[in-house]
**Student:** 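Pasting in a structure now, in structure tokens, and then I'll have a few things to ask.
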Amino acid sequence: MSTVGLSRRTHDCGALRPSDAGSTVILQGWVDSVRDNGGVIFLLIRDRYGLTQVTVDDRCAPAVWENARKVRLEYVVEVEGTAMARAPGAVNPDMATGGVEVLATRVTILSRTRPLPFAVGSGGAKAALPSEEVRLTYRYLDLRRPEMQRRLFIRHRAYQVTRRYLDAHGFTEVETPILNKSTPEGARDYLVPSRVHPGHWYALPQSPQIFKQILMIAGFDRYFQICKCFRDEDLRADRQPEFTQIDIEISFATWPLVKELMDGLIQSLFQEIQGITLPPIPVLSYAEAIARYGVDNPDIRFGLEHIGLDWAGTEFRVVRGALDAGGIAKGMVIPGGATRASRKVIDAWTEFVKRYRLGGLLWGKRTDTGWSGPLSKVEPALLDQLGANPGDLALVAAGPAPHVHTALGRLRSHVAEQLGLIDPDSFGLVWINAFPAFERDEETGRWVAVHHPFTKPLDEHIPLMGTDRMGEVLSDAYDLVCNGYEIGGGSIRIHDQALQARVFEALGLSEEEARHKFGFLLDALSYGAPPHGGLAFGFDRLVMILSGTDNIRDVIAFPKTTTAQDLMAGSPSTVDPAQLEELWVRNTV
RNA sequence: GGGGUGGUAGUUCAGCUGGUUAGAACGCCGGCCUGUCACGCCGGAGGCCGCGGGUUCGAGUCCCGUCCACCCCGCCA
């Protein structure tokens with residue numbers, strides 16, 4: 001790849017090698033370090049490709065010296081000089097260009113800098129990274145750091161691999177509107193007032209869901225888009241208010257076809273970016289994932305699987321009480337945990353599970369002869385089901401099923417991380433499918449769609465809709481999970497308007513309401529809709545995993561804080577009252 | 001909406017149970033130094049101790065409130 005072309009520079013800062021000795025070169029870049037030894041000055045020049053040492057000594061003209069003395073960290077300079085092989089004792093084996101240096105014949109300062117708010121270049125290695133607040137305020141400086149550049153280059157590669165793969169498999173990239181109709185389901189919408197329609201509002205898309213289904217009805221057969229989505233909900237380390245999805249929809253799709261095509265995309269991404277060939281991606285049903293891992297986004301890079309026990313006949317009070325109240329109790333065994341987990345550590349785990357609305361944690365250490373700890377009061381025959389060996393630690397959680405699953409599931413990852421059971425260089429991918437189609441809204445008690453109301457229930461479960469077994473209906477939906485992160489999800493959609501109407505009915509949506517919210521989709525479905533399905537990948541999370549970070553802000557050029565502010569740009573901000581007036585909006589703050 | 005951690009020099013941090021003039025490192029400014037690569041040495045400047053109240057003879061330190069950053073619960077079809 002040539003980066004020089006018609007530019008003045010002859011090489012980038014990562015290019016020179018001892019074999020270039022004797023060449024006249026021009027470099028342009030930022031001053032990464034200045035080592036002024038009096039009679040000789042060494043400048044490290046940095047660009048996105050690397051670092052090159054420039055030498056100024058008594059062979060250099062007075063004008064070179066004059067400018068070299070003025071140079072400061074992060075000045076932008078152009079240096080002309082002669083590439084020289086370094087003397088054997090002066091070679092730096094830690095640098096790609098460590099065998100060469102450029103003896104300057106000209107140093108031109110292209111741009112100066114004010115004193116920096118924090119160390120940017122390799123000199124920053126000696127200082128800790130500044131706070132996120134400072135990094136975000138001066139994002140242009142943070143992004144100058146090679147580590148941040150590396151992540152955005154990986155992101156760039158991921159865009160290209162995605163487009164190339166999907167194009168090669170017959171997908172058409174289509175853009176859908178950013179100014180949309182609000183639908184009151186799902187996350188909170190970001191709203192945009194209409195100037196020409198007083199009192200009317202657009203919503204920014206939470207996803208292009210309905211549009212991509214309409215593209216299927218329109219006959220595009222295979223669609224994709226790398227698109228921004230917006231959800232006005234509280235943030236997390238892996239959640240931003242605006243984020244990027246690889247949005248995909250396939251006509252005449254079945255779950256096996258979706259899996260085959262998407263496994264190929266994921267394989268390509270890991271192959272071309274990480275250079276690794278993934279093993280085939282396994283599939284777990286939702287029910288199995290919950291039983292074995294407690295969560296629907298399990299990290300399968302380590303064991304510590306949950307163990308369901310048959311508690312028949314137990315008189316152990318905590319478990320008995322939970323079971324009698326309609327709850328469950330299940331366990332987890334930590335091999336060697338009897339010595340690896342101190343009482344203090346177990347107490348901390350007990351506190352940990354309380355976050356997830358669990359009352360506490362029962363534990364027991366398997367000894368050569370029996371059990372110690374609270375679990376020693378349980379009937380020993382029942383504990384045999386745990387399959388623990390002497391030296392193992394068993395943890396048992398009892399309570400309402402959702403709390404037990406979630407708490408023990410989160411604890412499983414917490415323990416694995418704490419005990420170093422996770423190989424940080426490995427990737428654990430797994431598909432989860434056969435999700436429940438409906439769940440009860442905790443506040444209203446109404447049935448709501450777990451995925452979205454266009455998700456097709458499994459054929460054999462369709463008759464259960466609207467009956468008292470509504471909660472047993474499973475859907476043809478699937479998520480892709482990597483290292484415990486949900487990185488994608490989708491479903492086979494309903495393409496039949498009669499079935500769609502039945503789902504709305506089962507959800508307690510009147511025909512009128514359904515028409516008001518989704519009328520245009522219902523109309524479209526009535527004009528010859530092919531069977532179709534698809535999914536969307538969380539592109540930021542994917543890049544996060546591919547670049548080895550656990551924070552989504554690290555892979556977004558200009559992210560927002562946990563209070564959804566852009567500290568650099570200063571958004572959100574107040575606006576001129578005249579703007580509001582034009583938009584028929586009145587400020588009530 | 002709730003819980004937790006943090007906020008002291010440009011940056012990263014120290015500052016014990018309240019006590020005289022708030023320190024260090026890096027950076028910045030000036031000087032010295034001909035082979036450095038975290039260069040070294042000497043000197044200097046730089047502080048509304050996040051903000052607002054309160055307790056006290058006295059607050060960086062204790063109390064209340066508030067703002068900001070981060071992590072988590074709720075939330076995120």
Side-chain angles (χ1 to χ4, degrees), chain A residues 32-44 51-60 65 72-74 84 86-95 97-98 101 103 113-138 141 183-189 206-207 209-210 229-241 243 351-358 403 406-407 410 414 435 437-439 441-443 447-455 475 477 486 489 491 507 517 538 550-551 553 560-563 565 567:
Chain A
D32 191 79
S33 77
V34 179
R35 292 187 287 270
D36 182 351
N37 291 26
V40 56
I41 300 174
F42 300 102
L43 305 174
L44 273 187
L51 293 162
T52 300
Q53 176 164 288
V54 171
T55 305
V56 176
D57 66 15
D58 57 8
R59 290 169 287 182
C60 299
W65 272 97
R72 296 293 178 269
L73 294 182
E74 297 305 313
M84 316 274 277
R86 294 201 205 177
V91 168
N92 184 342
D94 297 328
M95 283 175 66
T97 62
E101 59 190 345
L103 183 64
T113 173
R114 298 159 65 188
L116 296 163
F118 59 91
V120 171
S122 50
K126 54 187 145 180
L129 209 53
S131 70
E132 192 98 12
E133 197 171 352
V134 174
R135 290 174 58 197
L136 290 172
T137 303
Y138 300 94
L141 295 179
T183 60
E185 314 224 337
R188 256 178 235 109
D189 283 325
Q206 296 179 23
S207 80
Q209 181 60 38
I210 292 177
C229 301
F230 306 84
R231 293 178 191 176
D232 185 6
E233 296 293 343
D234 289 337
L235 308 180
R236 287 286 190 284
D238 62 351
R239 266 164 34 190
Q240 281 275 298
F243 59 99
E351 284 309 305
F352 179 88
V353 298
K354 287 181 181 171
R355 282 189 223 170
Y356 303 94
R357 298 192 280 180
L358 201 61
H403 300 179
T406 303
R410 297 295 169 216
H414 183 71
F435 282 82
F438 310 105
E439 64 187 351
D441 184 294
E442 277 195 30
E443 283 171 29
W447 287 106
V448 294
V450 170
H451 188 53
H452 57 54
F454 319 117
T455 299
S475 64
E486 183 200 320
S491 62
L507 290 173
K517 289 179 182 174
D550 58 4
N551 196 302
R553 290 184 300 273
K560 292 188 171 54
T561 66
T562 46
T563 55
Q565 298 187 83
L567 295 180

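Sequence lines set the chain letters: A, B, ... in the order given, protein chains first and strands last, and positions in each chain run from 1.
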**Student:** With sequence neighbours excluded, tell me which residues meet salt bridge (charged side-chain N to carboxylate O under 4.0 Å, His left out) with A:E74.
**Tutor:**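 Once residues adjacent in sequence are excluded, the partners of A:E74 under the salt bridge (charged side-chain N to carboxylate O under 4.0 Å, His left out) criterion are A:R46, A:R144.
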**Student:** If I pick the C1' atom on B:G35 and the same atom on B:G40, what distance separates them, to the nearest angstrom?
**Tutor:**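 It comes out at 13 Å once rounded to the nearest Å.
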**Student:** Where each residue is assigned the nucleotide of RNA chain B containing its nearest heavy atom, which of A:P115 and A:F42 is assigned the position nearer the 5′ end?
**Tutor:**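 Result: A:P115.
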**Student:** Any residue in residues 86-94 of chain A with a heavy atom nearer than 4.0 angstrom to RNA chain B? Just list them by number, or reply none.
**Tutor:**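 Heavy-atom contacts with RNA chain B come from A:R86, A:A90, A:N92.
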**Student:** Sequence neighbours excluded, which residues qualify as salt bridge (charged side-chain N to carboxylate O under 4.0 Å, His left out) partners of A:R553?
**Tutor:**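 Checked A:R553 against salt bridge (charged side-chain N to carboxylate O under 4.0 Å, His left out); matches are A:E132.
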**Student:** Between the base of B:U34 and the side chain of A:N37, is there any donor-acceptor pair under 3.5 Å?
**Tutor:**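 For A:N37, whose side chain was compared with the base of B:U34, there is no donor-acceptor pair (under 3.5 Å).
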**Student:** Can you check the A:E351 CD to B:U5 P distance for me, whole Å?
**Tutor:**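 So the CD-P distance, A:E351 to B:U5, works out to 13 Å.
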**Student:** Tell me which of A:R59 and A:V34 sits closer to the 5' end of RNA chain B, going by the nucleotide each one is nearest to.
**Tutor:**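 On the 5' side of the pair lies A:R59.
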**Student:** Let me have a per-nucleotide readout for nucleotides 45-51 of chain B, 5' to 3', with B, S or -, counting only protein heavy atoms under 4.0 Å.
**Tutor:** -------
**Student:** Does the side-chain ring of A:F118 sit on the six-membered ring of the B:U11 base, less than 5.5 Å centre to centre and under 30° in tilt?
**Tutor:**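 Given the distance and angle limits, no, they do not stack.
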**Student:** Is there a donor N/O on one and an acceptor N/O on the other, under 3.5 Å, for the side chain of A:R239 and the base of B:C75?
**Tutor:**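 Result: at least one qualifying N/O pair found.
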**Student:** Hey, can you tell me if A:H414 and A:F352 have their rings parallel, tilted or perpendicular (30° and 60° cut-offs)?
**Tutor:**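 Geometry flag for A:F352 against A:H414: parallel rings.
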**Student:** With sequence neighbours excluded, tell me which residues meet salt bridge (charged side-chain N to carboxylate O under 4.0 Å, His left out) with A:E233.
**Tutor:**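 Partners of A:E233 by the salt bridge (charged side-chain N to carboxylate O under 4.0 Å, His left out) criterion, ordered by chain and then number, come out as A:R188.
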**Student:** Take the protein atom CD of A:Q53 and the nucleotide atom C1' of B:G35, then report the distance between them rounded to whole Å.
**Tutor:**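 The distance from CD of A:Q53 to C1' of B:G35 comes to 8 Å, rounded to the nearest Å.
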**Student:** Among all residues two or more places apart in sequence or in another chain, which pass the side-chain hydrogen bond (donor to acceptor under 3.5 Å, both in side chains) test with A:T55?
**Tutor:**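 With neighbours one apart ignored, the set is A:E101.
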**Student:** Separation of A:M84 atom CE from B:U36 atom P, in whole Å?
**Tutor:**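 Taking CE of A:M84 and P of B:U36, I get 17 Å after rounding.
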**Student:** How would you list, by chain and number, every residue that makes a side-chain hydrogen bond (donor to acceptor under 3.5 Å, both in side chains) with A:T561, sequence neighbours excluded?
**Tutor:**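 Scan of A:T561 (side-chain hydrogen bond (donor to acceptor under 3.5 Å, both in side chains), adjacent residues dropped) gives A:T563.
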**Student:** Can you sort out the partners of A:R59 under salt bridge (charged side-chain N to carboxylate O under 4.0 Å, His left out), two or more places apart, ordered by chain and number?
**Tutor:**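 A:D57.
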**Student:** Side-chain donor or acceptor of A:R236 under 3.5 Å from a matching atom on the base of B:G74?
**Tutor:**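 A donor-acceptor contact between them is present.
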**Student:** With sequence neighbours excluded, tell me which residues meet side-chain hydrogen bond (donor to acceptor under 3.5 Å, both in side chains) with A:S491.
**Tutor:**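 Counting only residues at least two positions away or on another chain, A:S491 forms a side-chain hydrogen bond (donor to acceptor under 3.5 Å, both in side chains) with A:T455, A:R493.
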**Student:** In whole Å, what is the span from the CZ atom of A:R410 to the C1' atom of B:G3?
**Tutor:**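 Taking CZ of A:R410 and C1' of B:G3, I get 17 Å after rounding.
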